[in-house]
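Before any comments, here is the structure.
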Amino acid sequence: MKILQLTDIHLTSPGKTILGRDPILNFELALNDAFKNHNDIEALIISGDLSDWGEKADYEFLKEKISKLTVPTYLCIGNHDDREIFSKIFPNFVNDEGFVQYHKSFSEGNGIFLDTWGPETHAGFFCKKRADWLDKTLSDLENQCFIFMHHNPIPTYIIPTDKIMLLDTTYLEQVLRKYKERVKHIFFGHCHMPLSGSFCGIPVSAPRGTNHAGYPNFSEKYLLSASYLPESYSVIIYNEPSVTVHMVEFGYKGDIIVEGSPDYASWDKGTMKR
Ligand SMILES: [Fe+2]
Ligand SMILES: [Fe+2]
């Protein structure tokens, strides 16, 4: 099973840039690159910060764009989104309690999409109501699950970045500890940095994002740090017993050097030419 994760597309008005990069152009470049090189994916997930400032026009653009794709697209909302406006344009992704939480079946297991949004803040939240929904959903679904959410549940240990992480993970933790054998991986975004680790023993990962990039600047204590590292998306491949996650830097402008045989006539210094 192969799926694709785009994150932090930050759509904005045509021609407007963020840190010198055009989010609409980069979203289109990401899709072109992904569908050219990975035409065997079965679903596309965009894990939040869909719009840069929760604008209706951005969601309408996104709806139109994904309606033309050959695979289903599933969305999460992030801190830059507006839940109310999003919910009007994408009512199918909203549960009975008004949260952007739902599940979809994949060819192998299920995708569970969580809402970590809170009003007028960049930080993430996961309240008891959302956790109860997750508990019931995981209890009803009997096979393996893959969770997608916007905010990072793990700290980065970079002070400004961690001020806006998923602030209280208590309820999430309580639920996930019950089902950790069946939750194969948690995918998130938000930090604009490639990250991996684990939460409650469940592996987690995030790609950099399709537009502007962060940087793991541990010496800056107050402000978020940006960089011009390449735009990226994730390719996720699940084949029991493994989950493989690649961060593909489609924005990389350098050469890709195809050279040599992987065996190099075995362990031979003379045949390995570089
Ligand atoms: Fe973002
Ligand atoms: Fe975010």
Side-chain angles (χ1 to χ4, degrees), residues 4-13 16-27 29-30 44-55 58-59 61-62 74-86 90 93 99-101 113-126 130 147-156 158-169 172 186-197 199 204-217 220 223-234 247 249-251:
L4 202 77
Q5 180 195 8
L6 269 58
T7 197
D8 293 85
I9 60 174
H10 284 259
L11 296 173
T12 186
S13 318
K16 204 173 160 207
T17 57
I18 302 170
L19 286 168
R21 290 182 177 176
D22 182 334
I24 293 179
L25 175 67
N26 277 321
F27 177 48
L29 289 174
L44 164 69
I45 289 99
I46 312 178
S47 52
D49 283 358
L50 308 169
S51 164
D52 196 40
W53 285 112
E55 306 279 351
D58 300 334
Y59 298 129
F61 170 84
L62 181 59
Y74 306 127
L75 307 172
C76 299
I77 54 169
N79 50 300
H80 278 263
D81 291 303
D82 184 301
R83 187 197 272 149
E84 204 180 317
I85 298 171
F86 172 90
F90 295 102
F93 293 140
F99 294 113
V100 183
Q101 298 205 135
F113 304 87
L114 300 182
D115 182 333
T116 56
W117 186 88
E120 295 180 5
T121 171
H122 290 295
F125 301 88
F126 198 70
R130 284 177 263 198
I147 289 181
F148 295 86
M149 58 200 278
H150 182 68
H151 290 84
N152 47 313
I154 57 164
T156 63
I158 300 166
I159 294 167
T161 306
D162 287 347
K163 280 190 177 153
I164 55 168
M165 66 177 284
L166 189 69
L167 288 186
D168 183 355
T169 57
L172 181 65
I186 299 171
F187 301 92
F188 61 91
H190 186 53
C191 301
H192 295 230
M193 279 186 267
L195 282 162
S196 59
F199 180 72
V204 304
S205 65
R208 186 177 292 124
T210 60
N211 195 61
H212 44 303
Y215 191 87
N217 182 7
E220 170 56 51
L223 300 172
L224 297 168
S225 296
S227 70
Y228 291 101
L229 288 164
E231 301 87 342
S232 74
Y233 59 79
S234 282
M247 186 179 81
E249 296 178 290
F250 70 92

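One-based numbering, in listed order, for ligands and for the atoms of each.
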Subject >> Sub-4.5 Å side-chain heavy-atom contact between Pro216 and Ile158 >> reply: yes
Subject >> Between Asp81 and Tyr59: side-chain donor-acceptor atoms closer than 3.5 Å >> reply: yes
Original post:
Can you give the angle His10 NE2 - the Fe ion (ligand 1) - His192 NE2, rounded to 10°?
Top reply: 100°
**OP:** Please find out if the Fe ion (ligand 2) and some N, O or S atom of His151 are separated by less than 2.8 Å.
**Re:** no
**OP:** Output yes if Asp49 passes the N/O/S-under-2.8 Å test against the Fe ion (ligand 2); output no otherwise.
**Re:** yes
Original post:
Relative to each other, are the rings of His151 and His190 parallel, tilted or perpendicular (30° and 60° limits)?
Top reply: tilted
Original post:
Which N/O/S atom belongs to Asp8 and is the closest one to the Fe ion (ligand 1)?
Top reply: OD2
Original post:
From the Fe ion (ligand 2) out to just under 2.8 Å, does an N/O/S atom of His122 turn up?
Top reply: no
Original post:
Parallel, tilted or perpendicular: which fits the ring planes of Phe93 and Tyr74, with parallel below 30° and perpendicular above 60°?
Top reply: perpendicular
Subject >> Identity of the N, O or S atom of His190 lying closest to the Fe ion (ligand 2) >> reply: ND1
Subject >> Validation row: Phe188, Phe199 side chains within 4.5 angstrom (heavy atoms) >> reply: no
